[in-house]
K.L.:
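Sending over a structure as structure tokens; questions will come in a sec.
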Amino acid sequence: MDESSGQNVHSIDFGSVTIPGTGYTLEADGETSRPFDLDGDFYQRLRTNALKFYYRSLILSVSR
């Protein structure tokens, strides 16, 4: 449980993944994720997507 959001979250370490691939899924608490791809740009895309989310949230909160 993430205390700040009140949502259930899972931490995942992809550090041991050395072979890029497509169609990976994760299973937790009886639920299966949507398929996703892992490649050399995984962490760069994660960084970019997180920043986009942050800035969109910031813009929405400022415009209110």
Side-chain angles (χ1 to χ4, degrees):
M1 171 81 64
D2 179 68
E3 292 181 22
S4 65
S5 70
Q7 296 182 344
N8 292 324
V9 296
H10 299 275
S11 296
I12 305 163
D13 180 359
F14 291 107
S16 63
V17 177
T18 58
I19 300 172
T22 61
Y24 286 101
T25 59
L26 297 172
E27 187 174 325
D29 294 335
E31 299 287 329
T32 302
S33 70
R34 296 181 194 167
F36 58 92
D37 301 338
L38 292 177
D39 57 32
D41 291 337
F42 175 75
Y43 286 107
Q44 178 60 36
R45 284 184 288 130
L46 178 63
R47 178 181 171 266
T48 302
N49 289 340
L51 286 172
K52 284 180 182 178
F53 175 80
Y54 171 76
Y55 285 119
R56 286 181 189 142
S57 298
L58 181 64
I59 289 168
L60 287 175
S61 67
V62 169
S63 65
R64 290 182 183 176

K.L.:
With clusters defined by side-chain heavy atoms of hydrophobic residues (ILVMFWY) lying less than 4.5 Å apart, directly or transitively, does Ile12 cluster with Val9?
P.N.:
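No, it is not one cluster - the side chains of Val9 and Ile12 are not joined through contacts under 4.5 Å.
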K.L.:
Checking Thr48 now: which residues fulfil side-chain hydrogen bond (donor to acceptor under 3.5 Å, both in side chains) with it, not counting sequence neighbours?
P.N.:
Gln44
K.L.:
Going by side-chain contact (heavy atoms from CB on, under 4.5 Å), name the residues that satisfy it together with Thr18, two or more places apart in sequence or in a different chain.
P.N.:
none
K.L.:
Among all residues two or more places apart in sequence or in another chain, which pass the side-chain hydrogen bond (donor to acceptor under 3.5 Å, both in side chains) test with Ser5?
P.N.:
Asp2
K.L.:
Please answer whether the main-chain N or O of Gly23 pairs with a side-chain N or O of Asp37 as donor and acceptor at a distance below 3.5 Å.
P.N.:
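Answer holds: yes.
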K.L.:
What residues form a side-chain contact (heavy atoms from CB on, under 4.5 Å) with Tyr55, not counting sequence neighbours?
P.N.:
Leu51, Leu58
K.L.:
Pairs of donor and acceptor atoms involving the side chains of residues 29-36, under 3.5 Å and at least two apart or interchain, shall be tabulated with distances.
P.N.:
from  : atom 1 : to    : atom 2 : distance (Å)
Asp29 : OD2    : His10 : NE2    : 3.4
Ser33 : OG     : Leu26 : N      : 2.9

K.L.:
Shortest non-hydrogen contact from Leu38 to Phe14?
P.N.:
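Scanning both residues, the minimum pair turns out to be CD1-CD2, 3.7 Å.
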